[in-house]
Amino acid sequence: MTQTRLSIHNHNKEFIQTFRRALYDIEPDRLQSQLENLFDQDTTIYLQHPYNQLAHRDALYQDVYRPLLDAIPDLERRDYIVMAGEVNGKHWVGCAGYYMGVFEQPWLDIPPTGHLVGMRYHEFFAIENDKIVEMQALWDIPELMMQANAWSMTPSLGVEWRIPAPALLDGVITTPYDADHAETSLKLVGDMLADLKKNNEGVDAMNLHAYWHPKFNWYGPAGIGSMRRVSGFRNWHQIPFLKAMPNRRAFLDKGNFFADGDYVGFTAFPGMTMTFSGDGWLGIPPANQELTMRSLDFWRCENGLIRENWVLVDILDVYHQLGVDVLQRMRELTHIRQKNWSGEPL
């Protein structure tokens, strides 16, 4: 790589900081024009269910951020990971963090709480000539439903808690891009994912102890939860997941897999395909149905091992493909609160 190709990643992280600032101290009257300045007119935007693919750039403000600001007027964005890299000539920036604020009005018919809430996000942006030309993002809407006591599906096997920032607080990367360092991190995570495919040979063949730190943390989405160490991952996520979908196949080669320092990111819409042929995951009975899954991930490497893994899965989309409308079940669960909602600010 030339120095020009290396420095583009630092430049793009600086560019995306304009987007981050606009959503940190939000000025609602200016936000639409700020987004128009950042996003190309023909930007492709993929979001979580029920938004999915947006028809045009303006819908990001009109259909997503504007209603969210109506519900959480003091909305604030906080990033704890900002990294960049290149995939097949395309330059990406990956961000992870929380949207937070006081939940005052319904959003997606989730009843407000009047309290501070937080909703985790993983957002990836492809940038060309100082314009965002593609956005792939997942927001943890089930996490907000849980905080509103409105989660209508099965309880998580893992722990539901406030997902932490990286242990070393170094996730917002501003140092000069180091291609060799990035390649080392990318290879570590890539080798681990390759061994994870050996599920038909048993858990020992996956060799996770060779890749994961003894104090490894897996931070899953609401509905799955978080867990610690290889044993926790196997008990509370991997075994139920593989029992239900033993033929799951990741689109690693078709997605966007890149590294920056100790951090590795992956995004694809979708990122996996599988057949829901067994029991045990999310309490869903086997449907023998083909599914795709949206999963956006970040890993942090430390001294040659993977120490932390942040994972968001579009749980609502999984249920949707199986014919279950989680948001409608939530409306039924919260019927009295919906009926009695006065519309007055809390």
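As a basis for the values below, the full set of heavy atoms in this structure was taken, side chains included, without hydrogen atoms, waters or symmetry mates.
- Proximity of a side-chain donor or acceptor of Ser185 to a complementary backbone N or O of Gly261 within less than 3.5 Å is detected.
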Query raised in the report: What do the steps show when you test Ile224 against Trp281 for side-chain contact (heavy atoms from CB on, under 4.5 Å), and what is the final call?
Result: CA-CA 9 Å; Ile224 297 177; Trp281 192 64; 3.7 Å; yes

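- By the criterion of side-chain heavy atoms lying less than 4.5 angstrom apart, applied directly or through intervening Ile, Leu, Val, Met, Phe, Trp or Tyr residues, Phe124 is not grouped with Tyr65; the two fall into different hydrophobic clusters.
- Between the side chain of Gln53 and the backbone N or O of Thr44 there is no donor-acceptor pair closer than 3.5 Å.
- Residues Ile315 and Tyr46 fall into different hydrophobic clusters, defined by Ile, Leu, Val, Met, Phe, Trp and Tyr side chains chained together at heavy-atom separations under 4.5 Å.
- In this structure, Leu108 CG and Met145 CE are separated by 9.0 Å, a value rounded to the nearest 0.5 Å.
- Between the CZ atom of Arg66 and the CG atom of Leu69 there is a distance of 5.0 Å, given to the nearest 0.5 Å.
- The side-chain hydrogen bond (donor to acceptor under 3.5 Å, both in side chains) contacts involving residues 29-42 comprise Gln41-Arg57, where partners must be two or more places apart or lie in separate chains.
- Side-chain contact check for Glu14 and Asn10: no donor-acceptor pair (N or O, by modelled atom type) lies under 3.5 Å.
- The local environment of NE2 in His213 is crowded, with over 12 non-hydrogen atoms from other residues, nucleotides or ligands closer than 6.0 Å.
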Requested in this report: Take Tyr263 and Asp170, measure what side chain to side chain donor-acceptor pair (under 3.5 Å) needs, and give me the verdict at the end.
Outcome: CA-CA 10 Å; Tyr263 289 80; Asp170 60 354; 2.5 Å; yes

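- No more than 12 heavy atoms of other residues, nucleotides or ligands shown are found within 6.0 angstrom of CH2 on Trp236.
- A side-chain donor-acceptor contact under 3.5 Å links Asp74 to the backbone of Val102.
- No continuous path of ILVMFWY side-chain contacts below 4.5 Å connects Val264 to Trp310, so the two sit in separate hydrophobic clusters.
- For residues 135-155, the set of pairs meeting the salt bridge (charged side-chain N to carboxylate O under 4.0 Å, His left out) definition, not counting sequence neighbours, comprises Glu143-Arg162.
- Members clustered with Leu116: Met100, by chain and number, using a 4.5 Å side-chain heavy-atom cutoff among hydrophobic residues.
- Listed for the Gln48 side chain is a donor-acceptor partner under 3.5 Å among the backbone atoms of Trp139.
- Only one option out of Tyr219, Trp218, Tyr211 pairs with Phe233 in a ring pair (Phe, Tyr, Trp, His ring centres under 6.0 Å); it is Trp218.
- Residues Asp191 and Lys187 are paired through a salt bridge, judged by an N-O separation under 4.0 Å between the basic side chain and the carboxylate.
- With hydrogens and angles ignored, the 3.5 Å screen pairs a side-chain donor or acceptor of Gln147 with a backbone N or O of Gly118.
- If you run side-chain contact (heavy atoms from CB on, under 4.5 Å) between Trp151 and each of Leu144, Val326, Leu333, only Val326 comes through.
- Looking at heavy atoms from C-beta onward, Val311 lies in side-chain contact with Val313 at the 4.5 angstrom threshold.
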Report task. May I have the step-by-step check of side-chain contact (heavy atoms from CB on, under 4.5 Å) for Val82 and Ile16, ending in yes or no? Result -> CA-CA 9 Å; Val82 179; Ile16 212 68; 4.2 Å; yes

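- Contact annotation: the side chain of Met227 never approaches that of Asn235 to less than 4.5 Å [non-hydrogen atoms, C-beta and beyond].
- Two residues are said to be in side-chain contact when any heavy atoms from C-beta on lie closer than 4.5 Å; Asn12 and His91 meet this criterion.
- Taking 4.5 Å as the limit, every side-chain heavy atom of His115 sits out of range of all side-chain heavy atoms of Phe103.
- Contact check for Val230 versus Phe216: no side-chain heavy atoms found under the 4.5 Å cut-off.
- Other residues, nucleotides and ligands contribute at most 12 non-hydrogen atoms within 6.0 Å of the CZ atom of Arg229.
- Contact check for Tyr80 versus Cys95: no side-chain heavy atoms found under the 4.5 Å cut-off.
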In a table with atom names and distances, give each donor-acceptor pair under 3.5 Å that connects a side chain of residues 292-304 to protein atoms at least two apart or in another chain.
residue: Arg294; atom: NH1; partner: Asn52; partner atom: OD1; Å: 2.9
residue: Arg294; atom: NH1; partner: Asp314; partner atom: OD2; Å: 2.9
residue: Arg294; atom: NH2; partner: Asn52; partner atom: OD1; Å: 3.1
residue: Ser295; atom: OG; partner: Asp297; partner atom: OD1; Å: 2.8
residue: Trp299; atom: NE1; partner: Asn309; partner atom: OD1; Å: 3.3
residue: Arg300; atom: NE; partner: Glu308; partner atom: OE1; Å: 2.6
residue: Arg300; atom: NH1; partner: Glu302; partner atom: OE1; Å: 2.9
residue: Arg300; atom: NH2; partner: Glu302; partner atom: OE1; Å: 3.0
residue: Arg300; atom: NH2; partner: Glu308; partner atom: OE1; Å: 3.2
residue: Glu302; atom: OE2; partner: Arg307; partner atom: NH1; Å: 2.8

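- Cluster membership for Ile132 and Val93, using ILVMFWY side-chain heavy atoms within less than 4.5 angstrom, is shared.
- Contacts classified as salt bridge (charged side-chain N to carboxylate O under 4.0 Å, His left out) and involving residues 117-129 (residues at least two apart or in different chains) are given here: Arg77-Glu123.
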Query raised in the report: How far apart are the C-alpha atoms of Tyr319 and Met153, what are their side-chain angles, what is the distance that settles it, and do they pass the side-chain contact (heavy atoms from CB on, under 4.5 Å) test?
Result: CA-CA 10 Å; Tyr319 277 111; Met153 306 310 292; 3.3 Å; yes

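- For the 3.5 Å distance criterion, the side chains of Arg20 and Gln17 fail to qualify, holding no donor opposite an acceptor.
- Checked by atom type and distance alone, the side chain of Lys13 pairs as donor or acceptor with a backbone atom of Ile173 at under 3.5 Å.
- Asp178 places a side-chain N or O within donor-acceptor distance of the main-chain N or O of His181, the cut-off being under 3.5 Å.
- If you chain together hydrophobic residues whose side chains sit under 4.5 Å apart, Tyr98 and Trp161 fall into the same group.
- To the nearest 0.5 angstrom, Asp25 atom CG is 11.5 Å from Leu75 atom CG.
- Under the 4.5 Å side-chain criterion, counting only non-hydrogen atoms from C-beta, Leu138 is not in contact with Tyr121.
- Taking the side chain as every heavy atom from C-beta outward, Glu332 and His335 never approach each other to under 4.5 Å.
- Checking side-chain atoms of Thr334 against main-chain N and O of Met330 turns up a donor-acceptor pair under 3.5 Å.
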Review item, side-chain donor-acceptor pairs of residues 269-279, under 3.5 Å, at least two apart:
residue: Thr273; atom: OG1; partner: Leu291; partner atom: O; Å: 3.2
residue: Thr275; atom: OG1; partner: Asn247; partner atom: ND2; Å: 3.1
residue: Thr275; atom: OG1; partner: Glu290; partner atom: OE2; Å: 2.5

